[in-house]
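In what follows, a structure is listed as structure tokens, so that the remarks can point back to it.
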Amino acid sequence: MFRRREPVPFAFVAEADRFRSNVAPPPRQRASAGQIAGRWLLGLTIVAGLVGSLVVGMPALSSPAATPAQQSQASQGH
């Protein structure tokens, strides 16, 4: 019924936090000029798309305060 728990030597888990390797990872390769230009172009394209969608969507977000005045002028002319 009752299981007796045996002590398990997990000291290596505690040591894993303090362990530092003496092998350094290889240095990162520098991006070429074409890769940097491509990243800039992609970023500019995304920003231009967001700005363009905001410019196109602004008329839909504006309040229709000027619309009734134009309709009243058109109705007076007929």
CG on Leu44 to CZ on Arg39, rounded to 0.5 Å: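 Result: 14.5 Å between the selected atoms.
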
Rounded to the nearest 0.5 Å, what separates atom CD in Gln35 from atom CD in Gln29?
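One finds 9.0 Å between CD of Gln35 and CD of Gln29.
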
- Query: Shortest non-hydrogen contact from Ser62 to Pro59?
  - Reply: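 Where Ser62 meets Pro59 most closely, the heavy atoms are OG-O, 2.9 Å.
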
**Request:** Following the transitive rule for hydrophobic clusters with a side-chain heavy-atom cut-off under 4.5 Å over Ile, Leu, Val, Met, Phe, Trp and Tyr, establish whether Val47 and Val55 coincide in one cluster.
**Result:**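 Same hydrophobic cluster.
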
- In terms of hydrophobic clustering (I, L, V, M, F, W, Y; side-chain heavy atoms under 4.5 Å; direct or indirect links), are Leu61 and Val51 co-clustered?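 The answer is no; the residues belong to distinct hydrophobic clusters.
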
